[in-house]
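Single-structure report; data block below.
We use all heavy atoms of the structure for the numbers below, so side chains are in, but hydrogens, waters and symmetry mates are not. Keep in mind that what you see is a predicted model, and the values were worked out from it rather than measured.
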Amino acid sequence: MVTVKEQDRSHGGTHAARVLIVDDHPSARQSMAEVLRAAGYEVTACASAVEALRLTEKELFHCILTDLKMPGMSGLDLIVQLEKRRYPAQVVMITGHATIQTAVEAMRHGAFDYIEKPFTADQLERLVEAAVRQSRAATQEGGEGCAFAAPQLVGSSAGMQALRRQIAQIAPTPVTVLICGETGTGKELVAREIHRQSPRRFRPFISVNCPALSASLMESELFGHEKGAFTGADTLRIGRFEMAQGGTLLLDEVTEIDLGLQAKLLRTLQERTVERVGSNRPIFVDVRVLATTNRNVEEEVAAGRFRQDLYFRLAVIVLWLPPLRQRREDIPELVEYFRQRVSQRLGREVPPLAPAVLEQFMEHDWPGNVRELENVITRIGVLSDSGPVRVDQVRRWLIPSGQGTTSELPPGIPVGMSLEEMERRLIEATLEHFGGHRAKTAKALGIGVRTLTEKLRRYGYAPREKSFHRTAGERQILSS
């Protein structure tokens with residue numbers, strides 16, 4: 001197990017994610033490093049796998065990008081060595097058309113994903129962002145108090161104590177678990193905790209956001225596809241089941257999967273094999289499946305929107321997460337936990353809450369649950385001045401539980417304002433607070449710089465010029 005602790009290499013208060021590039025071609029190293037530094041990452045580059053191993057003995061990286069073919073030790077050999085050392089970084093393999101099967105082998109040894117040459121700067125940024133997010137969620141960097149420590153199950157209520165006991169009983173087993181609860185109760189966090197306590201904890205944890213994908217894209221995402229399987233399938237794609245080989249696959253909001261695709265998912269769970277789109281060759285997968293939903297599954301089954309046999313297959317164990325209004329005694333503990341996390345993320349202390357504010361929190365129903373509470377504490381940290389936070393400052397940020405009137409809401413936020421418009425106003429206020437500094441704004445809001453930039457572009461902001469140029473909107477990174 002790696003024991004090295006990450007040093008704080010922040011610039012101007014920004015704790016940047018750290019990326020290691022391993023490639024024996026200088027031009028390829030430099031090109032990737034330019035793109036990732038411009039995206040806000042702290043980048044180290046080296047020319048060989050041997051040098052990379054020496055660096056990982058002294059330093060902790062969130063993501064490692066390694067070319068496959070290098071003199072001496074190959075990229076696959078590097079991944080195998082990192083797996084033996086249980087090094088916590090997420091590794092991305094850089095490969096070519098002729099070596100796709102080697103990329104699959106790399107993923108079986110714990111690689112996060114692969115990227116095929118040639119690729120664009122946007123593709124590289126998206127993949128590294130996902131790998132860093134996975135790394136931060138799966139590891140506790142520098143201990144419990146670190147700004148990017150993995151989120152924890154916070155609360156001492158009877159319900160939370162019972163939930164922890166259930167997780168401790170369930171995690172060591174291979175059974176499928178269905179995690180139910182309202183939006184914002186922490187279903188994905190519970191799934192990650194089950195994985196962390198399981199024998200599969202050093203293997204991949206792969207999550208699929210089911211509502212975000214159409215039926216056609218979901219099939220390819222879950223099971224993969226062969227080259228030429230359909231129009232636009234220019235290369236072979238490895239599905240999420242294969243990516244999770246030996247580890248855990250989370251189907252987030254599983255009830256959103258198209259009814260026609262549910263039959264293929266059921267067959268996969270029963271036979272423990274997948275067939276890529278465009279192929280009839282079964283591929284064995286050793287994957288533990290966890291699923292979440294914020295819906296009443298029995299009602300979905302009765303309405304004909306969810307297969308009953310698939311429900312029975314998923315619901316071997318059912319975990320119910322209580323909403324925050326049913327465990328109000330946990331609110332003071334959650335408030336202090338989020339104050340510490342937001343303070344570390346912002347690089348300055350979140351002002352304390354006046355007793356009347358905490359009393360109001362205890363009375364609020366929290367329709368957005370724990371996520372709503374975290375968002376409120378984040379807004380306090382970003383938008384409040386020094387000194388205790390008052391009730392009148394916080395009231396405007398609480399989501400009304402019942403019917404409200406315009407006079408109960410803050411000026412400029414009338415009843416019926418869309419969530420998108422509220423989000424835009426929060427982003428604008430935060431950006432103004434940090435003098436237009438996008439990295440600090442993204443960090444304060446808990447989103448990536450790229451995500452912030454895309455939102456600003458939608459709002460009509462012109463993107464800031466970067467230190468490299470792209471043609472036709474995308475730059476090709478050609479590494480031989």
Side-chain angles (χ1 to χ4, degrees), residues 1-4 17-25 28-29 32-33 36 41 43-117 119 123-124 127-139 195 200-206 224 235-249 283 285-287 479-480:
M1 176 66 70
V2 173
T3 57
V4 62
R18 308 194 63 230
V19 178
L20 175 63
I21 298 172
V22 189
D23 197 312
D24 60 314
H25 291 87
R29 286 199 309 273
M32 287 186 285
L36 295 178
Y41 296 102
V43 180
T44 302
C46 64
S48 71
V50 173
E51 186 180 355
L53 286 175
R54 284 198 295 265
L55 287 169
T56 57
E57 289 174 354
K58 301 180 295 182
E59 302 181 64
L60 186 62
F61 298 94
H62 297 84
C63 174
I64 298 176
L65 288 159
T66 179
D67 195 17
L68 173 59
K69 292 186 176 181
M70 295 182 289
M73 182 183 289
S74 69
L76 181 58
D77 293 333
L78 172 61
I79 291 173
V80 171
Q81 289 300 315
L82 292 172
E83 180 190 30
K84 289 179 179 178
R85 297 182 185 188
R86 297 177 178 175
Y87 191 80
Q90 299 297 319
V91 185
V92 175
M93 170 73 76
I94 302 169
T95 185
H97 289 278
T99 53
I100 199 72
Q101 292 303 325
T102 309
V104 176
E105 183 66 20
M107 297 180 70
R108 288 174 179 159
H109 284 284
F112 174 74
D113 207 338
Y114 68 92
I115 187 167
E116 200 172 349
K117 307 171 189 174
F119 49 85
Q123 289 172 324
L124 179 65
L127 187 53
V128 170
E129 181 182 2
V132 167
R133 187 166 58 245
Q134 172 75 3
S135 177
R136 283 176 164 168
T139 61
H195 175 74
R200 299 171 180 261
R201 59 187 173 276
F202 298 120
R203 305 298 297 173
F205 179 93
I206 303 296
T235 62
L236 179 148
R237 176 165 181 81
I238 305 302
R240 296 287 172 166
F241 270 95
E242 287 184 77
M243 288 183 185
Q245 189 72 262
T248 302
L249 178 68
I283 301 171
V285 286
D286 172 23
V287 174
S479 53
S480 56

Exercise for the section: Apply the test side-chain contact (heavy atoms from CB on, under 4.5 Å) to residues I238 and D113: give CA-CA distance (whole Å), side-chain angles for both, the deciding distance (0.1 Å), then the verdict. Expected result: CA-CA 9 Å; I238 305 302; D113 207 338; over 6 Å; no
Practice task
Please check if the side chain of H195 supplies one atom and the backbone of R203 the other of a donor-acceptor pair under 3.5 Å.
Solution key: yes
Fill in the blank from the handout: Here the pair of heavy atoms bringing K69 nearest to D24 is O-OD1, 3.7 Å
Handout entry: Donor-acceptor pair, side chain of R18 and main chain of L60, under 3.5 angstrom
Key = yes
Practice task
Check the pair I94, F119 against side-chain contact (heavy atoms from CB on, under 4.5 Å), reporting the backbone distance first and the verdict last.
Solution key: CA-CA 10 Å; I94 302 169; F119 49 85; 3.9 Å; yes
Handout entry: Pairwise distance OH(Y114) to CG(L127) - rounded to 0.5 angstrom
Key = 10.5 Å
Problem - For Y41, all residues meeting ring-ring contact (aromatic ring centres under 6.0 Å, His included), sequence neighbours excluded - result: none
Practice task
Compare all side-chain heavy atoms of I206 with those of F241 and state whether any distance is below 4.5 angstrom.
Solution key: no
Handout entry: Contact summary for P204 and A244, nearest pair of heavy atoms
Key = CB-CA, 4.2 Å
Handout entry: Minimum side-chain heavy-atom gap D23-T66 below 4.5 Å
Key = no
Practice task
Give, for atom CZ of R54 and atom OG of S48, the distance between the pair rounded to the nearest 0.5 Å.
Solution key: 6.5 Å
Practice task
Would you confirm whether H62, through its side chain, and V132, through its main-chain N or O, come within 3.5 Å as a donor-acceptor pair?
Solution key: no
Completion exercise
To the nearest 0.5 Å, atom CD of E83 lies from atom CD1 of I79 at 9.5 Å
Handout entry: Evaluation steps, side-chain contact (heavy atoms from CB on, under 4.5 Å), between M93 and I115
Key = CA-CA 6 Å; M93 170 73 76; I115 187 167; over 6 Å; no
Practice task
State whether D286 and R200 are salt-bridged, where the test is any N-O pair (Lys NZ or Arg NE/NH1/NH2 against Asp/Glu carboxylate O) under 4.0 Å.
Solution key: yes
Completion exercise
Rounding to 0.5 Å, atoms CD1 (I21) and OG1 (T44) come to a distance of 9.0 Å
Problem - Spacing of L20 atom CG and E59 atom CD [to the nearest 0.5 Å] - result: 8.5 Å
Practice task
Determine, for D67 against K117, whether the closest basic-nitrogen to carboxylate-oxygen distance falls under 4.0 angstrom.
Solution key: yes
Exercise for the section: Go through the steps to decide whether V92 and V128 satisfy the test side-chain contact (heavy atoms from CB on, under 4.5 Å), and finish with yes or no. Expected result: CA-CA 8 Å; V92 175; V128 170; 5.7 Å; no
